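These numbers come from a predicted model, not from an experiment.
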Amino acid sequence: MFDRVWLHANLATMEGEGLGLLEDGAVAAKDGRIAWVGPRAALPGPAAETVDCGGAWILPGLIDCHTHLVFGGDRAEEFERRLAGEDYAAILKSGGGILSTMRATRAADEDALLAAALPRAEALMAEGVTTIEIKSGYGLDLETELRQLRAARRLGAALPVSVVTTLLAAHAVPPEYSGRRADYARHVAEHIVPAAAEAGLADAVDVFHDVIAFDDAETALVLEAARRAGRPVKLHGDQHADAGSAALGARHGVLSVDHLEHANAAGLAAMAAAGSVAVLLPSATYFLREAARPDIAAMRAAGLRMAVATDCNPGSSPALSLLLMLNMACTLYRLTVAEALRGVTVHAAAALGLADRGRLAPGLRCDLALYRIARPAELCYWMGRNPCIGRVVEGR
């Protein structure tokens, strides 16, 4: 007997290359896993509980595979100053930018960080998100980086959502290492990465590799430390210029390279060959008013998997709607509906190294998102509408 069955539903299973559509289908769960998926008429057995979905659409639970959800303060005042005509250099000189978030995060205790992050996570969950990746990167010292990761772990324990944590201590250079970027990268590799791994706080390690961030050698130092600690690796890269991040990520076998607005076609092809995922972050393009766009045609030609995420952060993407990211990915980057929806399900799962979710298939986690829509394209079409009527996390 199944624990629970959802029927009178239309399914977007994400099986195959498209959306894997199945009308008048059913999903059955047992012990938190999907036990059966198929046409309602072929449902093989009874269930302890039956849920009549009334014609709603069921998708795999959505996955936001790139966020910076745990941080102190915000940067709304800087946003206002930029709109009034003040340039970013002046804002940085007055103590703004990422270091202002660093100061606010260092000043916040773990409870305060958790309290600020909870409503951000709940906003994503309300749209059908069942897995959230949360990066550190605003402490830039051992104590605060671990505090961010502990708050992220507590968030996952407090809410019905799966949280994946990523150490991003190599996000920027803190003031105490001013002019000594290589020394800070060495500190991250030799001290922060091992400590986060030993404490069981980091599921993966990320590095910001770009012309304004860490160079090839510094990035390699951190990535190799992560490998020694048994952690998979990721990159922020090719956001501000073609820094060769895509090719570097491919050489290091990263799970994903995220941003890629300036990545070249050869680097994208190398990523595809290495099995890495491109994570697209359209809100950063929109919020920063950037003209550059990722080379989607080259990604398609290479067969590179494309994920889509909010990049929720206080500086360049204060975005709390993954559904809005679907619209932005389609309108700004010209993704198809199928590409966008696969980008927040099966390919987002791959970007986090999670083979147990992102599709509706027997044996996978029973993470579902239910929507009152006529067709899946509506999830990419509407702006500001949330048609989610329910979520299921591990069969519950």
Side-chain angles (χ1 to χ4, degrees), residues 1-65 125-131 160-162 305 307-308 322-323 326 329-330 335-350 354-382 385-396:
M1 177 183 289
F2 300 128
D3 294 335
R4 193 169 288 110
V5 169
W6 294 264
L7 43 72
H8 293 120
N10 301 305
L11 312 180
T13 66
M14 304 300 158
E15 291 284 71
E17 296 300 315
L19 295 179
L21 302 181
L22 174 61
E23 295 186 356
D24 195 14
V27 178
K30 180 73 174 176
D31 298 328
R33 298 277 165 169
I34 296 174
W36 185 87
V37 179
R40 178 174 61 89
L43 187 64
E49 180 182 350
T50 298
V51 180
D52 189 329
C53 298
W57 278 86
I58 297 179
L59 275 70
L62 304 191
I63 300 168
D64 194 348
C65 65
M125 292 163 57
E127 295 187 339
V129 172
T130 55
T131 299
V161 68
S162 177
R305 293 173 293 177
V308 176
L322 191 56
L323 294 183
L326 291 174
C330 293
L335 264 61
T336 66
V337 166
E339 287 171 336
L341 290 174
R342 289 177 68 81
V344 295
T345 52
V346 59
H347 293 160
L354 301 175
D356 66 344
R357 66 198 73 182
R359 296 177 291 118
L360 303 182
L364 301 189
R365 275 174 58 113
C366 189
D367 290 354
L368 314 176
L370 284 69
Y371 298 98
R372 185 69 65 197
I373 52 177
R375 57 192 295 133
E378 290 186 42
L379 297 176
C380 303
Y381 168 71
W382 291 107
R385 179 190 174 207
N386 179 14
C388 183
I389 60 171
R391 296 182 322 129
V392 177
V393 179
E394 284 195 295
R396 297 185 299 276

Query raised in the report: Per the side chain to side chain contact (heavy atoms under 4.5 Å, CB included) rule, which among Asn10, Leu326, Leu19 passes with Pro376?
Result: Leu19

Query - Validation row: Leu323, Leu62 side chains within 4.5 angstrom (heavy atoms) - result: yes

Report summary line: Closest heavy-atom pair, Arg357 versus Ala349, reported as atoms and distance to 0.1 Å, is O-CB, 3.4 Å

**Report entry** Residue pair Ala47 / Val5: nearest heavy atoms and the distance that separates them
**Finding:** CB-CG2, 3.4 Å

**Report entry** Spacing of OH belonging to Tyr371 relative to CD1 belonging to Ile389, to within rounding of 0.5 Å
**Finding:** 10.5 Å

**Report entry** Minimum heavy-atom distance between Ile58 and Ala9, given as atom pair plus value
**Finding:** CD1-CB, 3.7 Å

Query raised in the report: Short question: side chain of Arg4, backbone of Gly395 - any donor-acceptor pair under 3.5 Å?
Result: yes

Query - Closest non-hydrogen atom pair between Trp36 and Pro362, with its separation - result: CA-CG, 4.4 Å

Query raised in the report: Looking at SG of Cys366 and CZ of Phe2, how far apart are the two atoms once the value is rounded to the nearest 0.5 Å?
Result: 11.5 Å

Query raised in the report: Who pairs with Thr130 by side chain to side chain donor-acceptor pair (under 3.5 Å), at least two apart in sequence or on another chain?
Result: none

Report task. Taking all heavy atoms of Trp6 and all of Val392, pick out the closest pair and write down the distance. Result -> CZ2-CG2, 3.6 Å

Report task. Compare every heavy atom of Ala340 with every heavy atom of Cys330, then report the nearest pair and how far apart it is. Result -> SG-CB, 3.8 Å

Requested in this report: Decide yes or no for Cys380 and Leu341: does some side-chain heavy atom of the first lie under 4.5 Å from some side-chain heavy atom of the second?
Outcome: yes

Query raised in the report: Does some side-chain heavy atom of Ser162 sit less than 4.5 Å from a side-chain heavy atom of Val393?
Result: no

Report task. Return yes when atom CD of Glu49 has more than 12 non-hydrogen atoms of other residues, nucleotides or ligands closer than 6.0 Å, and no otherwise. Result -> yes

Query raised in the report: Between Arg342 (side chain) and Gly18 (backbone), is there a donor-acceptor pair under 3.5 Å?
Result: yes

Requested in this report: State the OG1-CE distance between Thr345 and Met14, to the nearest 0.5 angstrom.
Outcome: 4.0 Å

Requested in this report: Hey, could you give me the CG/CG distance between Leu354 and Leu364, rounded to the nearest 0.5 Å?
Outcome: 11.0 Å

Query raised in the report: So, Glu127 side chain and Leu322 main chain: donor-acceptor pair closer than 3.5 Å or not?
Result: yes

Query raised in the report: Going from CG on Asp64 to CE on Met125, what distance comes out if it is rounded to the nearest 0.5 angstrom?
Result: 12.5 Å

Query raised in the report: Hey, does Arg33 have a side-chain heavy atom less than 4.5 Å from the side chain of Asp356?
Result: yes

Report summary line: Value for CZ (Arg385) from CG (Leu379), rounded to nearest 0.5 Å, stands at 8.5 Å

Query raised in the report: Do the non-hydrogen side-chain atoms of Arg391 and Pro160 ever get within less than 4.5 Å of each other?
Result: yes

